[in-house]
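Here is the structure we will look at.
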Amino acid sequence: MPHFPVNHPARPLYRAFAGLVGLYILVFGVWGVVQTWGEPLFDRGSDWVLGLRTNLAFSLASVVFGIVLLIGASRRSNLGHYMNLTAGVVFMVTGVAMMSVLQTDANFLNFSMSTVVVSMIFGLLLLATGLYDKVGPPEHAETERHQRSHLITRPR
């Protein structure tokens, strides 16, 4: 079982990073929906928003993901922890999958290489925030801090 730090002192900072990523994705999605409204859902046109290529389907998915990430960042429970870990994996997998079909007709989200790079960066950032924003009871965190601060000595 993996070990995630509990009640990390920088947890508010990590939640803020996740919230900023969610806000960027939400703004990108809303702007993209406004710009691509009326076009086919999986159009392969040349619509660019905030430096990333998009279509209506990708913009709508970005609105949903942005809202989900903002909800996760606003909660002080482990909901944000699990949301960030899941979203980080989704962004990484989506980035690799879209990179593999970049120059084909299977590029249904209309990704460009810059979109792939941003997706990978956001995935790594969300994974990092998910690793350090786990919440637990104060006594669990104190026990963990105590174990880290005392070195284990081996008998000779």
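Atom set for the values below is all heavy atoms of this structure, side chains included, hydrogens, waters and symmetry mates excluded.
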Checklist entry - Mind checking what makes side chain to side chain contact (heavy atoms under 4.5 Å, CB included) contact with Val27, not counting sequence neighbours? => result Leu23, Leu50

Next on the checklist: Within the structure provided, determine whether Phe91 and Ile25 are in side-chain contact (heavy-atom separation under 4.5 Å).
Outcome noted: yes

Checklist outcome for this item: Taken to the nearest 0.5 Å, the spacing of Leu125 CG from Met120 CE works out to 13.5 Å

Next on the checklist: Within the structure provided, determine whether Leu56 and Glu39 are in side-chain contact (heavy-atom separation under 4.5 Å).
Outcome noted: no

Checklist entry - Looking only at heavy atoms, what is the nearest atom pair of Ser74 and Ile71, with distance? => result OG-O, 2.8 Å

Checklist entry - Are more than 12 heavy atoms from other residues, nucleotides or ligands located less than 6.0 Å from atom CH2 of Trp31? => result no

Next on the checklist: Under 4.5 Å between side-chain heavy atoms, counting indirect links through other Ile/Leu/Val/Met/Phe/Trp/Tyr residues: same cluster for Tyr82 and Leu127 or not?
Outcome noted: no

Next on the checklist: Set out, in order, the CA-CA distance, both residues' side-chain angles and the distance that settles side-chain contact (heavy atoms from CB on, under 4.5 Å) for Leu126 and Val21, then state yes or no.
Outcome noted: CA-CA 8 Å; Leu126 289 170; Val21 169; 4.2 Å; yes

Checklist entry - Can you hop from Leu85 to Val96 via hydrophobic side chains spaced under 4.5 Å? => result yes

Next on the checklist: List the residues meeting side chain to side chain contact (heavy atoms under 4.5 Å, CB included) with Val117, not counting sequence neighbours, and say none if there are none.
Outcome noted: Met113, Ile121

Item to check | ring-ring contact (aromatic ring centres under 6.0 Å, His included) assessment of Phe65 paired with Phe122 | outcome: CA-CA 12 Å; Phe65 261 96; Phe122 283 175; over 10 Å; no

Next on the checklist: Using the rule given for side chain to side chain donor-acceptor pair (under 3.5 Å), can you reason through Thr54 versus Ser59, listing the C-alpha separation, both sets of side-chain angles and the distance that settles it, and then say yes or no?
Outcome noted: CA-CA 6 Å; Thr54 188; Ser59 296; 2.9 Å; yes

Item to check | For Arg53 against Phe28, the heavy-atom pair lying closest together | outcome: O-CZ, 4.5 Å

Item to check | Minimum side-chain heavy-atom gap Asn55-Asp47 below 4.5 Å | outcome: no

Next on the checklist: Minimum heavy-atom separation for Ala18 and Thr129, please, with both atom names.
Outcome noted: CB-OG1, 4.0 Å

Checklist entry - How close do Gly29 and Ser62 get, heavy atom to heavy atom, and via which atoms? => result CA-CB, 3.7 Å

Checklist outcome for this item: Residues Asn107 and Arg44: closest non-hydrogen pair is O-CD, 3.1 Å

Checklist entry - Taking Ser119 for the side chain and Thr115 for the main chain, is one N or O donor matched with an acceptor at less than 3.5 Å? => result no

Next on the checklist: To the nearest 0.5 Å, what is the distance between OG on Ser112 and CE on Met98?
Outcome noted: 12.0 Å

Item to check | ILVMFWY cluster, Tyr24 and Leu109 together (side-chain gap under 4.5 Å) | outcome: yes

Next on the checklist: Can you confirm whether more than 12 heavy atoms, excluding those of Tyr14, are under 6.0 Å from its OH atom?
Outcome noted: yes

Item to check | Any side-chain heavy-atom pair of Asn84 and Leu69 under 4.5 Å | outcome: yes

Checklist entry - Under a 4.5 Å side-chain heavy-atom rule over Ile, Leu, Val, Met, Phe, Trp and Tyr, are Phe58 and Val34 clustered together? => result no

Next on the checklist: Would Leu26 and Leu70 count as a side-chain contact (heavy atoms from CB on, under 4.5 Å) here? Give the steps.
Outcome noted: CA-CA 9 Å; Leu26 180 62; Leu70 285 174; 3.7 Å; yes

Next on the checklist: How long is the straight-line distance from OH of Tyr132 back to CG of Leu13, given to the nearest 0.5 Å?
Outcome noted: 12.5 Å

Item to check | Minimum heavy-atom distance Val116-Gly95, with the two atoms named | outcome: CG1-O, 3.6 Å

Item to check | Sub-4.5 Å side-chain heavy-atom contact between Val63 and Val33 | outcome: yes

Item to check | Hydrophobic cluster identity match, Phe42 and Trp48, side-chain contacts under 4.5 Å | outcome: no

